[in-house]
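The chains referred to below are lettered A, B, ... by the order of the sequence lines, with proteins before strands, and numbering in each begins at 1. Worth knowing before you read on, the calculation uses all heavy atoms, side chains too, and leaves out hydrogens, waters and symmetry mates.
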Amino acid sequence: MGKRIERVVTTKPSYFFLTPPDRLRRALEGRRVEALARAGKYLVADLGRGDRLLLHLGMTGQLFSSEATSVRLLSATARASLEPNAQRAFEPDEHTHLAFTLEGGGPRVFFRDVRKFGKVQWIEKGESNARLDRLGPDALHFTGEALFRANRGRRIAIKSMLLDQSVAAGVGNIYADEALFLAGVRPGRAAKRVTRRECEAITAGLHKVLRRSIETGGSSISDYVAPDGADGGYQDERRVYGRKDEPCRVCSSPIKRRVIAQRSSHYCARCQR
DNA sequence: ACCGCACCCTGAGCGC
DNA sequence: TGCGCTCAGGGTGCGG
């Protein structure tokens with residue numbers, strides 16, 4: 001299976017560590033990574049004997065190899081001192097909360113997160129986890145019928161429903177906006193006012209944008225990098241997210257932005273009703 | 001039960 | 001140059 005973790009270096013205790021870093025180090029060192037799985041936006045590492053490690057990237061989390069080179073791994077000042085086209089090997093900084101050394105002397109694995117909205121937690125054998133237990137069906141298998149049922153009686157915006165991880169796990173702000181655009185539904189519409197047919201269109205839209213984002217390696221808008229440091233490509237395919245005042249790709253009318261559920265939401269007032 | 005909001009944290013970018 | 005402001009792929013916990 002996977003490799004044994006020889007050594008773990010952490011930053012000091014903070015909001016980031018659901019399990020305190022000293023306890024985390026003791027728990028992890030010497031253990032083998034048997035498997036990795038995704039649960040919504042969480043990454044769950046199986047460490048054998050029933051123990052697990054829970055990881056979440058939050059907004060600015062970066063999980064990558066020591067062989068990765070990307071300017072996204074550097075602060076603005078570090079970038080400014082780079083020679084043009086220079087590729088500097090990454091050196092752990094104050095935002096690098098976890099540094100794994102694995103057996104066999106191969107590349108190390110880092111988890112860096114500037115804002116510390118990411119999370120790491122040790123889950124003991126037999127322990128349940130409230131964060132995991134709350135998750136609804138995975139977005140890739142979420143049906144229009146299930147969305148329609150969840151919407152019954154709900155006065156909140158359909159956008160809020162899509163961001164609720166207990167309704168569907170794995171939908172984030174970009175993909176909620178993009179799916180609603182494909183479905184022709186405004187993000188602010190009350191959930192209970194969305195028809196069954198529109199729910200089908202929304203989940204079909206979700207599947208489409210999520211699959212396409214996976215194909216293109218994700219959205220590298222600000223911080224996201226693949227484990228090898230590569231940028232994703234989906235930011236170039238956005239139809240509405242982050243395109244305020246730019247022309248709709250279908251009808252050319254300007255994309256609108258408004259705040260829903262404390263998150264910025266983008267839509268075309270002409271294509272979405 | 002439901003809903004809106006404050007809050008956790010750091011940095012980039014902008015107008016003045 | 002510096003200051004103050006807004007904005008940012010997320011999620012929790014509180015009070016009304």
Report the distance from atom [atom1] of [X] to atom [atom2] of [N], rounded to the nearest whole Å.
{"X": "Lys159(A)", "N": "dC3(B)", "atom1": "NZ", "atom2": "P", "result": "17 Å"}
{"X": "Arg134(A)", "N": "dA1(B)", "atom1": "CZ", "atom2": "C1'", "result": "16 Å"}
{"X": "Ile221(A)", "N": "dA12(B)", "atom1": "CD1", "atom2": "P", "result": "17 Å"}
{"X": "His56(A)", "N": "dG9(C)", "atom1": "NE2", "atom2": "C1'", "result": "10 Å"}
{"X": "Leu57(A)", "N": "dG11(C)", "atom1": "CG", "atom2": "P", "result": "10 Å"}
{"X": "Arg131(A)", "N": "dC8(B)", "atom1": "CZ", "atom2": "P", "result": "16 Å"}
{"X": "Leu18(A)", "N": "dC9(B)", "atom1": "CG", "atom2": "P", "result": "13 Å"}
{"X": "Leu63(A)", "N": "dG9(C)", "atom1": "CG", "atom2": "P", "result": "21 Å"}

Rounded P spacing from dG9(C) to dG13(B) in Å: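 16 Å, rounded to whole Å.
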
Stacking check: are the rings of Tyr15(A) and dC9(B) less than 5.5 Å apart at their centres and under 30 degrees in tilt?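 No; centroid distance or tilt outside limits.
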
Report yes if at least one side-chain N or O of [X] is closer than 4.0 Å to OP1 or OP2 of [N]; otherwise report no.
{"X": "Arg155(A)", "N": "dG4(B)", "result": "no"}
{"X": "Arg154(A)", "N": "dA1(B)", "result": "no"}
{"X": "Lys116(A)", "N": "dT10(B)", "result": "yes"}
{"X": "His95(A)", "N": "dG11(B)", "result": "yes"}
{"X": "Lys119(A)", "N": "dG11(C)", "result": "no"}
{"X": "Gln262(A)", "N": "dA6(B)", "result": "no"}

With a 4.5 Å heavy-atom cut-off, do Gln272(A) and Val185(A) have their side chains touching?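 They are not in side-chain contact.
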
Find out whether Ile158(A) and Leu147(A) are in side-chain contact, i.e. whether some heavy atom of one side chain is under 4.5 Å from a heavy atom of the other.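 A side-chain contact under 4.5 Å exists here.
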
With a 4.0 Å cut-off on heavy atoms, is [X] in touch with a base, just the backbone sugar-phosphate, or nothing at all?
{"X": "Ser264(A)", "answer": "sugar-phosphate"}
{"X": "Arg79(A)", "answer": "nothing"}
{"X": "Arg238(A)", "answer": "nothing"}
{"X": "Asp113(A)", "answer": "nothing"}
{"X": "Ile156(A)", "answer": "sugar-phosphate"}

Which class fits the ring pair His56(A) and Tyr42(A): parallel under 30°, tilted 30 to 60°, perpendicular over 60°? perpendicular

Kindly give the heavy-atom pair with the smallest separation between Phe90(A) and Leu73(A), and that separation in Å.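 Taking every non-hydrogen atom into account, CE1-O, 3.6 Å.
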
Verdict with reasoning, Glu215(A) to Arg212(A), per salt bridge (charged side-chain N to carboxylate O under 4.0 Å, His left out): CA-CA 5 Å; Glu215(A) 274 175 21; Arg212(A) 181 62 186 154; 2.8 Å; yes

Between dT10(B), dG9(C), dT12(C), which nucleotide has the shortest distance from any of its atoms to the side chain of Tyr241(A)? dG9(C)

What nucleotide, of dC7(C), dT12(C), dG9(C), holds the atom closest to the side chain of Arg257(A)? dC7(C)

Does Ser160(A) or Val114(A) map to a spot on DNA chain B nearer the 5' end, using the closest nucleotide for each?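 On the 5' side of the pair lies Ser160(A).
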
Counting only heavy atoms not in Arg155(A) (residues, nucleotides, ligands), do more than 12 fall under 6.0 Å from its CZ? no

Base partner of dG11(B), which must satisfy Watson-Crick or wobble distances under 3.5 Å: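 In the structure as shown, dG11(B) has dC7(C) as its Watson-Crick or wobble partner.
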
Tell me which of Ser220(A) and Tyr42(A) sits closer to the 5' end of DNA chain C, going by the nucleotide each one is nearest to. Ser220(A)

Syn/anti state for dG11(C) [syn: chi within 90° of 0]: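 Anti, which is what one calls it when the glycosidic angle falls more than 90° from 0.
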
Is there a path from Leu132(A) to Leu55(A) through hydrophobic residues (I, L, V, M, F, W, Y) whose side chains come within less than 4.5 Å of each other? no

